[in-house]
Amino acid sequence: MLAYIVRRLFYAIPILIGVNLVTFALFFVVNTPDDMARMQLGVKRVTPEAIQKWKAERGYDKPLVVNHGADGLGMVTDTIFFEKSARMFAGDFGRAEDGRDIAREIANRMGPSLAIALPTFILGLFVTVSFALTLAFFRATAFDFWGVVVCVAMMSISGLFYIIGGQYLISKIWRLVPISGFGEGLDAWRFLILPVVIGVVSGIGSSSRWYRTIFLEEVGKDYVRTARAKGLPETVVFFRHILRNALIPILTGVVVVIPLLFMGSLLTESFFGVPGLGSYTIDAINAQDFAVVRSMVFIGSVLYIVGLILTDISYTLVDPRIRFE
Amino acid sequence: MMGFQVVLLWSDLLIWLLVAVGIGVGVFIARNPPLLAAWRRVGASRVGMAAATVLLVFVVVGLLDSLHYRRQLDGKPGQKASYAVEVLSLLDAIAAPLRSRNEKTYSEPFATRLYAKETVDVPGRGQVREYPRLKFGGAHLGEREGEVAADVGFTAFRAAVIGVLAWLAVVAAAIGAVAWQGGVSHGEAGRRIWAGETRFAWNAVLATLAAVFLVVVPLLWLAGGYHVFGTDKVGQDVLYQVLKSVRTGLIIGLVTTLVTLPLAVLLGIVAGYFRGWVDDLIQYLYTVLNSIPGVLLIAAAVLMMQVVIDTHPQWFSTAAERADLRLLALCFILGITSWTGLCRLLRGETLKLRELEYIQAAQAFGVSSWRIIVRHILPNLMHIVIIALVMDFSGLVLAEAVLSYVGIGVDPTMVSFGTMINNARMELGREPAVWWSLAAAFAAMFILVLAANLFADAVRDAFDPRAA
């Protein structure tokens, strides 16, 4: 088991290097640091001195990949690629435009992101799986038909509508909870409840429909017929046999997103004013803070790859037929 | 006689290219019995054809909006003709009243007065604060502002009657077509359509058309005298903006596939067919791209595109051209980030196909790899490609709104569902709330995406033999 995990980790390294190269190419080769400086300083009134100063302040005045001016190791290390891209592997993300350390900012903002993303994820999984199970239980009835119709309609509604409409209805008309904001400690639930509920509702459509097909696929299998032939009541067949087997593809399918929960949600956090990583990314995009966006791309990829490894491991844990090779 | 100069924007070119490709694929399908049989199944699906009818309405609006021209300016005879800077489309020409009848600021649907109070000079009373009368909304009523409801009801009824007459003409044409095709009498053809016994789901199409005519004809009729969806912050008609947004949504949903398809099909088949180091390389490529969370990769790419656009203003002669190229760049970025899923599917399927006997036989006969791929593998993957195409469309339309909200979508000057929502989202906080802009954008988007989803389901059911 341990050897397997170690091997999977090694397999992740070339992918991370690839991600690193892609971001490096995007941020430094497509546009030169001079272009970025001109953009940040305003295209019209910009002097070569101002560009030089801007670049020097951020360490963008070095050569891209190979520094012919330095000797020995400096040829590789005293470059933009090493300073800005390669050092991300060591968790060093540099500084944002406002001078703050990005790594520390990320560590501080993971908490609020998780406070919303985790309850949304768990509650959402519970609600959608239950709904899908109910639909599958009443399959081929009017309830099932209209349930699927509701699912398709719900997945055709823009995610923005759920947030804007939910905020308007619950906070402005009914005045049940604050419209946005974030609090620490025990008082936080008042701020959390609305984004979590909206997050769960907006996910019902597509997930329930997907899980329903998984359940229906299981219903048609031989072991179900055997269970019925034994004279088991339909509820036992469903909850003891079908639910357990269908949970294998469902759980392994959602494991991959668990690490990404740390990243939070861009939309939810910016609408509700949550000081998490999602709103950090949006602010960086709007302020054109390239260093922060670059860091978030890298961290997102790391978390996704961790999710893939966890998925592989979870397969083997829930389904003993799959062995490590 | 006013002259005009045809303007071919890049996105227009791609849209019409897509229309041509669509016709080409149609001809290909007509000659390919299995594919034709699958499309016949789509045609028999009631829900699918009802959705396709709605989609067709959107496509017609989008195509009308993709024929651009510049008006000739009035000049002295003999002088070289000069043209207006503003690029207009055929839709703009048809909807000219909607485009030009701008109020001062917000006004509610069917309102005759502005949303906000203003200080106006009233003769004899000095300065008074009141809701000023709209310049165009309900202007034909003059002083009889109290009669709006009656006027709207009467006009809508008249338009609906005309709509029904137009619909009856379509029904007659359908009956004629069915009678001619089946070689039966017109009465029998009508009965078959009514009972749903035709192979093509005529009854669903006609029922949907009835609903479309009953809604659209009165709406357009009323739009001549009122702002049926209200006006926005700068007084523009919201109905006009909705119509303009359709093209943006269609381009995002369709042109993106022009980028996705060649990449996914070519790389997927090559990886699965040749295996070895080619396969390793392509797998590595899509695993890396897939590892970067979609929104973040799009954000990074769009940020970089913005830098390119801002630092090279000399590339674009008009603002419309810049917005247009930015839209295409967005499609390109969305395509680059979304080909991986389809590529993986096609690779897996090709791996299975290449082991089948008929491919092995072709290889033994010495048929070249390229020929085997084109003649034997590609046609057998078509169903996967078509399903993926129609499934992606609705997701892309929804994504546009989110991206425009985040600030990495289309150019802010370009009308789209996303920019409409973005401009109007803070206005719900006003007292009373300005809801009509948001409601119109969300409703139009919902209808478009719902139709696309239902159509995609019908296509998937018809093409995927495994699906129930």
Side-chain angles (χ1 to χ4, degrees), chain A residues 12 14-23 26-27 30-31 34-36 38-40 43 152-153 155-161 163-165 167-168 172-173 179 213 216-217 220 260 263 266-267 270-271 281-282 284-286 288-290 293-294 296-305 308, chain B residues 47 284-285 287-297 299-308 310-313 394-395 397-402 404-408 417-418 421-422 424-425 428-429 433 435 438-439 441-443 445-454 457 466-468:
Chain A
I15 295 174
L16 271 179
I17 293 177
V19 170
N20 202 291
L21 288 177
V22 168
T23 46
L26 253 180
F27 281 91
V30 174
N31 291 287
D34 284 40
D35 286 335
M36 281 193 266
R38 233 172 270 140
M39 170 98 179
Q40 280 277 343
V43 183
V152 176
M155 60 193 266
S156 305
I157 296 173
S158 166
L160 292 167
F161 179 79
I163 299 180
I164 296 177
Q167 275 188 331
Y168 181 69
K172 198 182 164 206
I173 302 289
I179 199 155
T213 32
L216 288 186
E217 222 162 80
L260 284 173
M263 300 282 290
L266 294 187
L267 283 187
S270 87
F271 268 103
T281 315
I282 288 228
I285 291 171
N286 288 331
Q288 305 193 314
D289 192 331
F290 305 109
V293 177
R294 208 169 56 223
M296 298 309 290
V297 168
F298 188 73
I299 293 176
S301 315
V302 172
L303 291 174
Y304 180 79
I305 291 167
L308 283 184
Chain B
V47 180
Y284 176 69
L285 197 65
T287 314
V288 166
L289 275 182
N290 208 23
S291 302
I292 308 176
V295 188
L296 289 172
L297 184 56
V302 172
L303 268 188
M304 289 303 115
M305 173 190 81
Q306 276 172 352
V307 176
V308 172
D310 281 11
T311 48
H312 300 90
S394 53
V397 175
L398 289 177
E400 186 275 327
V402 172
S404 292
Y405 165 74
V406 178
I408 48 178
F417 293 128
I421 293 168
N422 197 18
R425 74 195 162 90
L428 276 183
W435 50 270
L438 276 177
F442 278 130
M445 210 158 80
F446 174 67
I447 294 171
L448 175 61
V449 173
L450 182 64
N453 274 334
L454 293 175
D457 281 355
R466 281 182 307 138

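All figures in this text were calculated on a predicted structure; none of them were measured in a lab. Each chain gets a letter, A, B and so on, in the order its sequence line appears, and its residues count up from 1.
- Interface remark: Tyr405(B) contributes side-chain atoms only to the contact with chain A (heavy atom separation under 4.5 Å).
- When heavy atoms are compared at a cutoff of 4.5 Å, Leu16(A) does not approach chain B at all.
- Arg294(A) contributes atom CZ, which lies 11.5 Å from atom CG of Leu303(B) (distance to the nearest 0.5 angstrom).
- Ile447(B) does not touch chain A: none of its heavy atoms, backbone or side chain, sits under 4.5 Å away.
- Both the backbone and the side chain of Phe161(A) have a heavy atom closer than 4.5 Å to some heavy atom of chain B.
- When all heavy atoms of Tyr284(B) and Ile17(A) are compared, the pair lying nearest together is OH-C, 4.4 Å.
- The contact between Val297(A) and chain B is made by backbone and side chain atoms together, counting heavy-atom distances below 4.5 Å.
- Atom-to-atom distance recorded for Asp310(B):CG and Met305(B):CE is 9.5 Å, nearest 0.5 angstrom.
- At a 4.5 Å heavy-atom cutoff, the contact between Ile408(B) and chain A is made by side-chain atoms alone.
- Neither the backbone nor the side chain of Phe298(A) has a heavy atom closer than 4.5 Å to any heavy atom of chain B.
- Here the side chains of Leu428(B) and Lys172(A) are not in contact, with every heavy-atom distance at 4.5 Å or above.
- Heavy atoms closer than 4.5 Å to chain B are found in both the backbone and the side chain of Ser158(A).
- Note: Ser301(A) OG to Leu260(A) CG = 9.0 Å, rounded to the nearest 0.5 Å.
- Contact count versus chain A (heavy atoms, under 4.5 Å) is highest, among Leu450(B), Leu454(B), Leu398(B), for Leu450(B).
- Interface remark: Ile15(A) contributes backbone and side-chain atoms alike to the contact with chain B (heavy atom separation under 4.5 Å).
- Between Val288(B) and Leu21(A) the shortest side-chain heavy-atom distance does not fall below 4.5 Å.
- Between Asn422(B) and Ser404(B), the closest side-chain pair of non-hydrogen atoms is not below 4.5 Å.
- Only the side chain of Asp457(B) comes within contact range of chain A, with heavy atoms under 4.5 Å apart.
- Listed by chain and residue number, Leu160(A), Leu267(A), Val406(B) satisfy the side-chain contact (heavy atoms from CB on, under 4.5 Å) test with Val402(B) (two or more places apart in sequence, or in another chain).
- With contacts defined as side-chain heavy-atom distances shorter than 4.5 Å, the pair Val293(A)/Leu296(B) does not qualify.
- For Ile282(A), the part lying near chain B is the side chain, with the backbone staying farther off; criterion is any non-hydrogen pair under 4.5 Å.
- Heavy-atom pairs under 4.5 Å with chain A were tallied for Met445(B), Arg425(B), Gln306(B); the largest tally goes to Gln306(B).
- Of the atoms belonging to Met263(A), it is side-chain heavy atoms, and not backbone ones, that fall under 4.5 Å from chain B.
- The closest side-chain heavy-atom distance from Ile164(A) to Phe271(A) is below 4.5 Å.
- For Thr287(B), there are no side-chain hydrogen bond (donor to acceptor under 3.5 Å, both in side chains) partners, not counting sequence neighbours.
- Residue Ile292(B) touches chain A through both its backbone and its side chain, counting heavy-atom pairs closer than 4.5 Å.
- Heavy atoms of Leu266(A) lying under 4.5 Å from chain B belong exclusively to its side chain.
- Heavy-atom distances place both the backbone and the side chain of Val152(A) under 4.5 Å from chain B.
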